There are 2 protein chains.
Amino acid sequence: MAHADEPPAEVRLPATAWAVLGILAFGEELTGYEVRQWAEHILRFFYWSPAMSQIYSELKRLEQVGYAASREVSGEDGRPRRVYAITDAGRAAASDWLAHAPVEPPALKHGPLLRVWLGHLADPDRLREVVTQHRDRSADLAAEADEARRAAAAVSGWAYPELVARWAVRYHTAERDLAARLLDDLDELVASGRAPDL
Amino acid sequence: MAHADEPPAEVRLPATAWAVLGILAFGEELTGYEVRQWAEHILRFFYWSPAMSQIYSELKRLEQVGYAASREVSGEDGRPRRVYAITDAGRAAASDWLAHAPVEPPALKHGPLLRVWLGHLADPDRLREVVTQHRDRSADLAAEADEARRAAAAVSGWAYPELVARWAVRYHTAERDLAARLLDDLDELVASGRAPDL
DNA sequence: CCAGGTGTATTCCAATTTGGAACAAGTGCC
DNA sequence: GGCACTTGTTCCAAATTGGAATACACCTGG
């Protein structure tokens, strides 16, 4: 039987919660809104952007379990806002999670590829359009990731985010190239006449 | 005011529903269980594997809106099972979706990278371990995708799935290489002594 | 000075999606 | 005959998402 003075059974949190706590772990006091902006800035290159509503509810949960603390402050405009900061317990829990939690494999939902997979139901020109769009979007993302990388490089203590941003540049560049090659394969398929009709 | 003989307002379905309908669109009558297996086989390389429960509920919904039809048959073992097939309306709706629905950008949740991003909270050896694991898993996935590619190549009419499988091989190979480079960057960071402490 | 747009900040809700367990019945192995 | 495994299906609670709604402050133009 478990006795009472064991370390409190680790609270099991979804990855999203850790991502939010991770943002706080960079040390600033942030509002939910600002957490959202950080997520948009960096996280989005490798980890979807959670909905506002989810960020706010995660912050509340983090506070409930003692990993974050909030206080009400009034901004320059006099409006009250609630800022959150990570606690020591939160930092410890995050470290523990990093050290011990099993790592989920990357989850990918690739809309453009799903379309190609069902290519037999579509017009070849439409497929080209879908893949072209994806290629261009990937190129844009790579450029944006590179800006994020430069921004991270300018901040001391952001060596890891910089590394991740460098990875993100390469990732989205690879996506661009993969899309370009897919486009070639698509053209070749159509040219060869082996494309199943719709 | 809309009049009654317009084409029925397109039912708005989540992408998952289209993926399931897409599996049926390859023409076979399948049980929910078999749909699941197909998803495991191919879809997983570029589109998460939905939960069993979700597949069954999507099938029911597809039947409700008339995109799929089911009948009860008894298998070789005499047990009753419900098989689903796509209808003409379903095929038309899928084509229409392919042709007109806006394409969601790929959604990625990269657990391993999230860990690296929070590297300042972790032991460098642990980070190496996480990334190494990811690199090896990617290599495995690339090999498995290559098998799927060969399987698809053997079936006539599967030109598009084959194309997608080829893309998947390249994608997971790229992931493997990206992980390897990240590992190098990690080592370099630690060697340079610029790694923020935990 | 008031309307309207934009940025900050937060909350609420319905629908989606997930994970997991539970149930059931056949098959193959020892 | 017992046991594990595969096929096949259902149910439920929880997590997650998206979207809209609500404020208030600031700025711009008429």
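Note on naming: letters A, B, ... go to the chains in the order of the sequence lines (proteins, then strands), and numbering restarts at 1 for each one. Note that the structure is a prediction, hence the values are computed from the model and not measured.
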Is there a donor-acceptor pair closer than 3.5 Å between any side-chain N or O of [X] and the backbone N or O of [Y]?
X       : Y       : result
Y56(A)  : Y33(A)  : yes
R44(B)  : E40(B)  : yes
R128(A) : P124(A) : no
E58(A)  : V20(A)  : no
T87(A)  : G66(A)  : yes

Taking for each residue the nucleotide of DNA chain D with the nearest heavy atom, is it A15(A) or M52(A) whose nucleotide lies nearer the 5' end?
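Nearest nucleotide further toward 5': that of A15(A).
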Would you compute the distance between atom CD1 of I55(B) and atom CD of Q37(B) and round it to the nearest 0.5 angstrom?
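Nearest 0.5 Å value for the CD1-CD distance: 10.0 Å.
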Under 3.5 Å, which donor-acceptor pairs link side chains of residues 148-164 of chain A to any protein atom two or more places apart or in another chain?
unit_1  : atom_1 : unit_2  : atom_2 : d
R149(A) : NE     : D146(A) : OD1    : 2.9
R149(A) : NH2    : D146(A) : OD1    : 3.3

Of all residues at least two apart in sequence or in a different chain, which pass the salt bridge (charged side-chain N to carboxylate O under 4.0 Å, His left out) check with R126(B)?
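If we apply the salt bridge (charged side-chain N to carboxylate O under 4.0 Å, His left out) test to R126(B), skipping adjacent residues, the hits are E129(B).
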As a test of reading the structure: which of dC12(D), dT16(D), dG8(D) is closest to the side chain of T31(B), going by heavy atoms?
dG8(D)
Can you give the first and last nucleotides of DNA chain C, 5' to 3', that have an atom under 4.0 Å from a heavy atom of chain A?
dG7(C) to dT18(C)
In the hydrophobic clustering (ILVMFWY, side-chain contacts below 4.5 Å, transitive), which residues join V83(A), or is it alone?
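Once heavy-atom contacts under 4.5 Å are chained together, V83(A) belongs with V73(A).
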Polar pairs (N or O, both sides) under 3.5 Å between protein and nucleotides 5-7 of chain D?
unit_1 : atom_1 : unit_2 : atom_2 : d
dT7(D) : OP2    : Y33(B) : OH     : 2.9
dT7(D) : OP2    : Q37(B) : NE2    : 3.4
dT7(D) : O2     : R79(B) : NH1    : 3.2
dT7(D) : O2     : R79(B) : NH2    : 3.0

For the pair made of CH2 in W48(B) and P in dA15(D), what is the distance, rounded to whole Å?
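Taking CH2 of W48(B) and P of dA15(D), I get 22 Å after rounding.
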Please say which of F26(A), W38(A), F45(A), W167(A) ends up in a ring pair (Phe, Tyr, Trp, His ring centres under 6.0 Å) with W117(B).
F26(A)
Neighbours of DNA chain D within residues 54-64 of chain B, by heavy-atom distance under 4.0 Å
Y56(B), K60(B)
